[in-house]
Amino acid sequence: MNIADILRELTLGEKASLCSGEGSWDTKDLSRLNIPSIHMTDGPCGVRNQKRGQSKADPATCFPAPCLLACSFDPELLAMVGSAIGEECRAIGVHLLLAPGVNLKRSPLGGRNFEYFSEDPLLAGMCAAGYIRGVQTQGVGAVLKHFALNNQENWRLVSNSIVDEATMRELYLRPFEIAVKSAKPAAVMTSYNRVNGIYASEHSALLTGVLRDEWGYEGLVVSDWGAVNDRVAGLRAGMDFEMPGSAAVNDPRILKAVQTGELSSATLDTAVERILTLVERLSQSAPCTKQFDINAHHALARRAAAESVVLLENNGLLPLSKTPAIIGRLAEEPHFQGSGSAHVNPTEQDNFLAACHQAGLVPSYAPGWASGGHEAENPALLRQATELARNSESVVLFLGTEASDESEGFDRKDFQLSNAQQQLARAVIEANRNTVVVVQAGGVVDLACAEDASAILYAYLSGQAGGAALYDLIFGEVSPSGKLPETFPLRLEDTPCYDSFGLRDTFYTEKTAMGYRYYNAVNKNVRWPFGHGLTYSDFELKDVTAITQNASITVSGVLQNIGNTMAAQTVQVYASEPGTEVHALCGFIKLKLRPNEKRTFSVTFPYRQMAHWDEVAHCFALNTGNCHIQVGFSSRDIRHTCTLYCESWSGEQLSAALAPPETRTTNTRFHSNSTVQDLLDTDIGKMLFSKLSKELEEERKRGEIDDNFYHMYLAQIRQYPLRTFVLATHGKFTWHMLSKLLALLDEPSPDMNEAATLLQTIRVI
């Protein structure tokens, strides 16, 4: 029976039922019509196939996080990693992988920055496209997320991203567009937040106007878990599928909406057809029964990390030829992955100290700070580490953040290392300038304390094989070739969104002056610029030319390795639209060359890549005049500049205008989108927060959630809007009960016994 026949056979109730999941990780099956269920789970660092109540997920390879993979500037490497993850999905029994995330890194404080690729839309989009293509070669679907403007974790369930259309089009929608058009993900996930006052899960201009009508997307649109605000409005807007399942809550609402004419049957049929199409496609790629090659995937994780780690500074100390002293607890207890839904149960785990031992080296070691958290300062350990550094020929010093610092659900409070680590870094480097600093972190950290080190390697979160990869790099088995996918500012106050990031109503006042575009435009000093990264060799660019043809520009030249080491270098091409001074990344290519080898390269990009959004004509457009092309090895290491005259160009006029900024008000003090935080000055709110906190602690004690999820949920409790408890309890806490609770909250002396009764059914999501 084909899908058209199935649609005719389905009852209205069955159609409504198919529009939400069965539990947290599956679509519903319908044996009457031979409709199977498909299984989905989290990514992007590996397969996190974990059901609620289980303390650990199925073992899977923990690959480097996207924050590090993006440093490779190599979409083909991302495709290899994606393909391996797809293989593991099939072996474990997963049809749909909830990855990758492609939101831009607007601020260094973004709690989920480790899951995202870059501050640049081209790099982020190309990395995501490579990853998606790799996953989907295995017959597994990839889910592109979080659409759109999800650039912070604080208040994410109710936050409002207030942004002009040009900024959306030129920056924040661009990586989604690249990935959708070039990789065709099986599904796109809507974000939690509002965009100009409208929840993303019911934003018709985004979900239908942009995604489908403009970009031609034909796949499924699924909600983020618990992101549904108004299910019927979401269906009308183009949000097909709700997760997790809330059958008792929203299925009846869909049914009633069709019966009353609030929702057309054609709209429901369209959503069901998309769901069935995806189920049919992915269920035919049956999960394999064989195990994946654990050793091969671990080796790929090691290679991916080695080709992505960034050498920020080197005065010639690296690579090392003799055994160094090793200082820092992260050398044996590495911070190699982030927390939250991206957390993977690794098949094995390397560390740098063990990698040295496996290679026959027996280095002296000092942990530097006490276990139980890197904030635990210990004068005795500091003295031990300083003395070891003073009496050693060279030192490798490990610094970094902890898993509890970076997670889904909350943003970082600052980008400083702990006081204990700053003291350690200054003391060790003062005692021995021949110090290599290795940093493990999910995002940007302030390394002022390490500025006098002889070398700095930024490892981000390098996955389960990161320790061995660092051994390869430090001892010269591999030359570093990673490039920074984001700017490292000198101070947090220097970031253009410093005054507006993390607020409940977030105004994108910096507009398109984000990241390196801003720092370069105002000539502001930074610690390290976007695209920066050194190798163990030297390279030269020669014979660089640029031509324009058919509304595109081709930059060609010769790259030569003039050093003594085989190494890879990334040629980066930046361009400015005529009449502007802002250069943006328009293309790049990575080449690995032997000593003295040279190779011709060519990078072609369309005018659209450097065009601006014309809000009057409602299209992308390019001004007439001279276009300046910069070619080099970072956004501030420009080796050649070319000038081309470009005729004006205009893209296709688009009809789906995005909603302008708006403010929605309510006449009551509390409403369904009021958060637990909003209620904390009331006795009812205090009772609710206490209940949720205690239940969360009890779940951890029973082993139903691990520390990873405990910290994430604990940070989020205050930010839950009341509506989410209806969905989370599958209707045990009903909409009617929510209305009664809201009425109690508006009373000057509410009946606390009645409130306690209403709150009994509420639980943590």
Side-chain angles (χ1 to χ4, degrees), residues 1-22 26-40 95-96 98 136 139-145 147 180-181 183-190 201-224 227-228 230-247 250-285 656:
M1 187 181 295
N2 61 34
I3 290 175
D5 291 334
I6 292 174
L7 277 172
R8 284 190 291 270
E9 291 289 327
L10 288 169
T11 67
L12 182 57
E14 287 170 336
K15 290 177 182 178
S17 174
L18 288 171
C19 288
S20 65
E22 183 67 48
D26 300 277
T27 64
K28 294 189 181 80
D29 64 357
L30 190 59
S31 57
R32 184 177 75 83
L33 295 174
N34 296 318
I35 299 172
S37 171
I38 61 172
H39 184 60
M40 61 195 81
H95 301 88
L96 193 62
L98 307 177
Q136 297 191 161
V140 175
V143 181
L144 183 67
K145 60 185 187 180
F147 191 61
V180 164
K181 288 183 174 180
K184 296 179 172 56
V188 171
M189 183 189 293
T190 66
S201 62
E202 54 198 61
H203 204 304
S204 59
L206 282 173
L207 301 184
T208 297
V210 173
L211 182 61
R212 296 198 186 280
D213 295 345
E214 293 182 16
W215 298 349
Y217 181 66
E218 297 179 347
L220 187 77
V221 174
V222 58
S223 74
D224 203 341
V228 172
D230 183 325
R231 185 66 185 100
V232 175
L235 273 169
R236 285 199 301 265
M239 198 272 288
D240 309 302
F241 190 63
E242 176 189 10
M243 284 300 290
S246 62
N250 280 329
D251 292 359
R253 301 186 84 187
I254 295 172
L255 181 62
K256 183 179 179 180
V258 175
Q259 291 171 336
T260 61
E262 182 186 0
L263 180 71
S264 72
S265 59
T267 297
L268 178 58
D269 283 354
T270 297
V272 173
E273 183 178 6
R274 290 172 183 151
I275 295 164
L276 293 176
T277 299
L278 181 70
V279 169
E280 179 185 53
R281 169 187 157 193
L282 297 182
S283 62
Q284 289 177 351
S285 299

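What's counted below: heavy atoms across the whole structure, side chains too, no hydrogens, waters or symmetry copies.
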Under the 3.5 angstrom rule, does the side chain of [X] hit a backbone N or O of [Y] as a donor-acceptor pair?
X	Y	result
S37	T27	yes
S223	V228	no
D224	A227	no
Y217	L207	no

> If you count the non-hydrogen atoms of other residues, nucleotides and ligands that lie under 6.0 Å from NZ in K256, is the total more than 12?
Replying inline: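 For K256, atom NZ is not crowded (no more than 12 foreign heavy atoms under 6.0 Å).
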> Which pairs with one or both residues in residues 10-21 pass salt bridge (Lys or Arg N to Asp or Glu O under 4.0 Å), sequence neighbours excluded?
Replying inline: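 For residues 10-21: E14-R32, K15-D269.
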Just verifying a value: how many Å separate [X] [atom1] and [Y] [atom2], rounded to the nearest 0.5 Å?
X	Y	atom1	atom2	result
L96	F241	CG	CZ	9.0 Å
I6	I35	CD1	CD1	5.0 Å
L18	K28	CG	NZ	7.0 Å
R212	R274	CZ	CZ	3.5 Å
I275	I38	CD1	CD1	10.0 Å
R253	L263	CZ	CG	12.0 Å

>> Hydrogens and angles aside, do N250 and S20 bring a side-chain donor and acceptor to less than 3.5 Å of each other?
In response: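 No, no side-chain donor-acceptor contact under 3.5 Å.
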> Just by distance, with hydrogens left out, do T267 and S264 show a side-chain donor and acceptor under 3.5 Å apart?
Replying inline: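 The criterion, which ignores hydrogens and geometry beyond distance, is satisfied for S264 and T267.
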> K184: what forms a salt bridge (Lys or Arg N to Asp or Glu O under 4.0 Å) with it, not counting sequence neighbours?
Replying inline: none
>> Any non-hydrogen side-chain atom of M239 less than 4.5 Å from a side-chain atom of L235?
In response: no
>> A side-chain contact here means heavy atoms from C-beta on lying under 4.5 Å apart; do D240 and C19 qualify?
In response: no
> Does the pair L268 and L12 meet the rule for a side-chain contact (heavy atoms from CB on, under 4.5 Å), with working shown?
Replying inline: CA-CA 9 Å; L268 178 58; L12 182 57; 3.7 Å; yes
> Going through the checks in order, is the side-chain contact (heavy atoms from CB on, under 4.5 Å) test met by H95 and M40?
Replying inline: CA-CA 6 Å; H95 301 88; M40 61 195 81; over 6 Å; no
